[in-house]
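Step one of this worksheet: look at the structure below.
Excluded from the calculations below are hydrogen atoms, water molecules and symmetry mates; all remaining heavy atoms, backbone and side chain alike, are included. Both ligands and their constituent atoms are indexed starting at 1 by order of listing.
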Amino acid sequence: MASLTPLQHRAHPDADLQRVEAALREAATTEDDFLTEVASHLIPAGGKRLRPAFVIAAALSLDPNGDQSERLTDEMVRGGVAVELVHLGSLYHDDVMDEAETRRGIEAVNHRWGNLTAILAGDFLLAKASELAASLGTEVAELLAATIGHLCEGQVRELQLIYDINRNEEQYLQAISGKTAELYATSCRIGGIVGGADRSVVDQLTEFGHAYGMAFQVVDDILDLIATDEELGKPSGNDLKEGVYTLPVIRMIAGGDPIAELLGQQLDEEIRDQARAAVIQGPEIATSIATAQMYVDKALSALVALPDTPGVQGMRDAATNLLSALER
Ligand code: GRG
């Protein structure tokens, strides 16, 4: 698969991510061994680390020598760790809400230690994120705090329309803007701020991040319908089962497809697979891919005024390659 990381034009992207990894582990380490174990659980399980990678690429977006290892500062790494910790904390809480059994191909925190521990450890990760953000200045601290609020708003919007077969596209787009796109926008914005870019560049980077995040979530939602359990690291078709009707499904229902008769309630695995097969056969997967492409194009347009540095090239390629995850 084509590379999704915006660090692909850096000389040693693996070394960059190792610095992020070390700082991430340090941030999840406390005096209490049990809390350290729970808070660190999902870190070695992987994850693409796209959000810290965008912080770094955006921070280097004006640097013609931004491919060189030594251009990566501790502040950039800290910004990256702060956004990854927010992402991780939100995954802990999301898995509690979904009663998830697996995440990143391993046992989910809530399943292993129970909901109370998962919620507390998620809170702890958010607290650590806030501490790191504050060390980067009040603007970054305020931005990350507002972003955590947007994640909650997006998630509440989704929850309010669970099992609702009348959920429409506008409501879907509003929810994914909050729950996913805002954190990508903030990752790029923090990069711009830490990298010392002026306001107009910081705004262009933010616009890129938001449009990329919209495309990312549309793709993620399509993958939930078309990918295998192994590819996802969790059961496929879970959104359908749990009543989260995403873009292809919303379009099918709006087009009068009889799939609506199966939905509106929690599905057993047999009905879930039947509904999933119907979505895969319909044209709405292709029209939803076209919508993701429209957001990719929007993301690329946001970068046109920026110089052709390794950081900008990486962001551009990451957006261009996003849809390759759907090739099969
Ligand atoms: C407490 C911050 C906080 C939020 C509470 C639970 C919640 C509100 C929001 C959840 C939002 C959520 C789970 C959005 C989905 C984000 C998403 C696309 C996750 C998958 O991201 P990847 O593919 O995962 O980048 P990896 O594992 O690669 O990091």
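Taking the six-membered ring where the residue is Trp, F34 and W113 present perpendicular rings, their angle passing 60° and hence far from 30°.
Ring centers of Y295 and Y212: at least 6.0 Å apart, outside the cut-off.
Scanning the protein heavy atoms around atom 12 (C) of ligand 1, the nearest turns out to be K179 O, 4.2 Å. Of the protein's non-hydrogen atoms, the one nearest atom 20 (C) of ligand 1 is H87 CE1, 4.1 Å. Closest to atom 21 (O) of ligand 1 among all protein heavy atoms lies R51 NH2, 3.2 Å. Scanning all protein heavy atoms for the shortest distance to atom 18 (C) of ligand 1 gives Q217 OE1, 3.1 Å. For atom 16 (C) of ligand 1, the nearest protein heavy atom (residue, atom name, distance) is T180 OG1, 3.8 Å. Distance from atom 10 (C) of ligand 1 to its nearest protein heavy atom, with residue and atom name: Q155 OE1, 3.5 Å. Residue, atom and distance of the protein heavy atom nearest to atom 5 (C) of ligand 1 are C152 SG, 3.8 Å.
Looking at S40 and R25, their side chains never bring a donor and an acceptor atom within 3.5 Å of each other.
The hydrophobic cluster around V96 extends to I119, counting ILVMFWY residues whose side-chain heavy atoms fall within less than 4.5 Å of a member.
Remark: D308 engages Q313, R316 in a side chain to side chain contact (heavy atoms under 4.5 Å, CB included) (not counting sequence neighbours).
Residues M214 and L4 share a single hydrophobic cluster, defined by chaining ILVMFWY side chains whose heavy atoms lie under 4.5 Å apart.
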CA sep, side-chain torsions, deciding dist, call: V109, T117, side-chain contact (heavy atoms from CB on, under 4.5 Å):
CA-CA 8 Å; V109 172; T117 301; 5.5 Å; no
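Nearest to atom 3 (C) of ligand 1 by heavy-atom distance, out of S90, G122, A325, A175, is S90. Here atom 1 (C) of ligand 1 lies nearest to H93 when heavy atoms of K48, H93, R104, M97 are compared.
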